[in-house]
Novice: 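Below you will find the structure I want to go over with you.
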Amino acid sequence: TINIESHRVNVDFTVVDDHFEEPQPLEDVTIDIPKLGGSPIPTDANGQTQARLPVNDNYELTVVLDGYQETTTVLSLGQEPTEIELQTQRDPSISINQLQDAIVVGQPTQVTITNAYEEPVENARVTLNGANVGRTDPNGQIVFNITQAGNNTIEASANGLTDSTTLEGVDPNADDEE
């Protein structure tokens, strides 16, 4: 006869953003463990939390944080306390950063294209009102002239991601209509 006893052990979790060379801990992440059927477990300022889980089972762990990719890992838990590091990264995105909201028609403007980590995006395609104006340099920057008065649409695309913004072209020779 074999007696089977239920037993629980401590599991220490650490959640990090592994985009960086030295992974950064993530605060206020929730770890969802559907098999437990309870509330997700939040991390502290150091990206850490702890739970007591029943032994000899597999657990699906899902990391959830706004602005970050939901990542799922399977933990095979034996009979010993364990530590696990869970990794995630920000949702992929690009952004157009412009120096001004309005510019005189014919004058050059500069925009910088950055990723979700505010790092420059090299070789992003940039258009002005649907016409190609070029690609960004290694600093994620491009300079081009605004060619028409009114709202001008600037769009950037790279790696399947896009962003757009408007820049007002001002004609200094236009008659004031009052």
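Heads up: numbering here begins at 1 and tracks the sequence.
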Novice: Identify the heavy atoms of Leu128 and Ile146 that sit nearest to each other, and give their distance.
Specialist: CD1-CD1, 4.0 Å
Novice: Would you please say whether a donor-acceptor pair under 3.5 Å links the side chains of Gln87 and His19?
Specialist: no
Novice: In Å, rounded to the nearest 0.5 Å, how long is the span from OG1 of Thr73 to CD of Glu85?
Specialist: 10.5 Å
Novice: Could you walk me through whether Thr136 and Val126 pass side-chain contact (heavy atoms from CB on, under 4.5 Å), step by step?
Specialist: CA-CA 7 Å; Thr136 56; Val126 178; 4.1 Å; yes
Novice: Specify the closest pair of heavy atoms between Asn46 and Pro25, including all atoms of both residues, with the distance to one decimal.
Specialist: O-CB, 3.2 Å
Novice: Given side chains that start at C-beta, do those of Val11 and Ile84 come closer than 4.5 Å, heavy atoms only?
Specialist: yes
Novice: Do Val143 and Ile113 land in one hydrophobic cluster if side-chain heavy atoms of ILVMFWY residues count as linked below 4.5 Å?
Specialist: no
Novice: Write down the atom of Gly140, the atom of Pro120, and the distance for their closest heavy-atom approach.
Specialist: N-CB, 3.6 Å
Novice: Hydrogens and angles aside, do Gln50 and Asp12 bring a side-chain donor and acceptor to less than 3.5 Å of each other?
Specialist: yes
Novice: As an exercise, state the distance from OG1 of Thr49 to CD1 of Ile31, rounded to the nearest 0.5 Å.
Specialist: 6.0 Å
Novice: Can you see which heavy atom on Val16 is nearest to which on Leu26, and at what distance?
Specialist: C-CD1, 3.9 Å
Novice: If I take atom CG from residue Asp171 and atom CG from residue Asn173, how far apart are they, to the nearest 0.5 angstrom?
Specialist: 5.5 Å
Novice: Could you check whether atom CD of Gln24 has more than 12 heavy atoms from other residues, nucleotides or ligands sitting under 6.0 Å from it?
Specialist: yes
Novice: Strictly by modelled atom types, are Glu119 and Asn115 linked by a side-chain donor-acceptor pair under 3.5 Å?
Specialist: yes
Novice: Under a 4.5 Å cut-off applied to non-hydrogen side-chain atoms, are Thr71 and Leu86 in contact?
Specialist: no
Novice: How about CD on Glu118, more than 12 heavy atoms from neighbouring residues, nucleotides or ligands closer than 6.0 Å, or not?
Specialist: no
Novice: Once you round to the nearest 0.5 Å, how far does CG of Asn152 lie from CG of Asn129?
Specialist: 4.5 Å
Novice: Determine whether Tyr117 and Gln89 satisfy the following criterion, side-chain contact (heavy atoms from CB on, under 4.5 Å), listing intermediate values before the conclusion.
Specialist: CA-CA 10 Å; Tyr117 291 91; Gln89 291 188 3; 3.5 Å; yes
Novice: When you compare the side chain of Glu80 with that of Val9, does any pair of heavy atoms fall below 4.5 Å?
Specialist: no
Novice: Could you see if Leu167 belongs to whatever hydrophobic cluster contains Val170? Use Ile, Leu, Val, Met, Phe, Trp, Tyr and a side-chain cutoff under 4.5 Å.
Specialist: no
Novice: Using the rule that two of Ile, Leu, Val, Met, Phe, Trp, Tyr join whenever any of their side-chain heavy atoms come within less than 4.5 Å, decide whether Ile41 and Leu75 are in one cluster.
Specialist: yes
Novice: For a quick test of reading the model, state the closest non-hydrogen atom pair linking Thr14 to Gln48 and the distance between them.
Specialist: OG1-CG, 3.7 Å
Novice: Using a distance-only test with no angle check, is there a side-chain donor-acceptor pair under 3.5 angstrom linking Thr43 and Asp28?
Specialist: no
Novice: Look at the side chain of Asn132 and the backbone N and O of Thr127, then say whether any donor-acceptor pair between them is shorter than 3.5 Å.
Specialist: no
Novice: May I ask you to test the Ile142-Asp137 pair for a side-chain heavy-atom distance under 4.5 Å?
Specialist: no
Novice: What side-chain donor-acceptor pairs closer than 3.5 Å can you find for residues 154-165, not counting sequence neighbours?
Specialist:
from   : atom 1 : to    : atom 2 : distance (Å)
Asp163 : OD2    : Ile96 : N      : 2.9

Novice: Quick one: do Val104 and Val111 end up in the same hydrophobic cluster if we chain Ile, Leu, Val, Met, Phe, Trp and Tyr together by side-chain heavy atoms under 4.5 Å apart?
Specialist: no
Novice: Nearest 0.5 Å, please: how far is CG in Leu65 from CD in Glu27?
Specialist: 10.0 Å
Novice: Test your reading of the model: is there a side-chain donor-acceptor pair from Gln98 to the backbone of Gln100, 3.5 Å cut-off?
Specialist: yes
Novice: Assess the residue pair Gln107 and Asn145 against the criterion (side-chain contact (heavy atoms from CB on, under 4.5 Å)); give the C-alpha distance rounded to whole Å, side-chain angles, the decisive distance to 0.1 Å, and a yes or no.
Specialist: CA-CA 5 Å; Gln107 295 295 309; Asn145 289 340; 5.8 Å; no
Novice: Checking Arg90 side chain against Gly67 main chain: does a donor-acceptor pair fall under 3.5 Å?
Specialist: no
Novice: Could you tell me whether the side chain of Thr153 reaches within less than 4.5 Å of the side chain of Asn151, counting heavy atoms only?
Specialist: no
Novice: Find the distance between CG (Asp17) and OH (Tyr68) and round it off to the nearest 0.5 Å.
Specialist: 4.5 Å
Novice: Quick one: side chain to side chain donor-acceptor pair (under 3.5 Å) pairs with a partner in residues 54-66, sequence neighbours left out?
Specialist: Lys35-Asp57, Asn58-Ser76, Thr62-Thr72
Novice: Apply side-chain contact (heavy atoms from CB on, under 4.5 Å) to residues Phe13 and Ile33 and explain how you reach the verdict.
Specialist: CA-CA 12 Å; Phe13 300 97; Ile33 308 173; 4.2 Å; yes
Novice: Return yes if some donor-acceptor pair links the side-chain N/O of Arg125 with the main-chain N/O of Arg135 below 3.5 Å, else return no.
Specialist: no
Novice: For Pro54 and Leu77, which heavy atoms make the closest approach, and how far apart are they?
Specialist: O-CD2, 3.5 Å
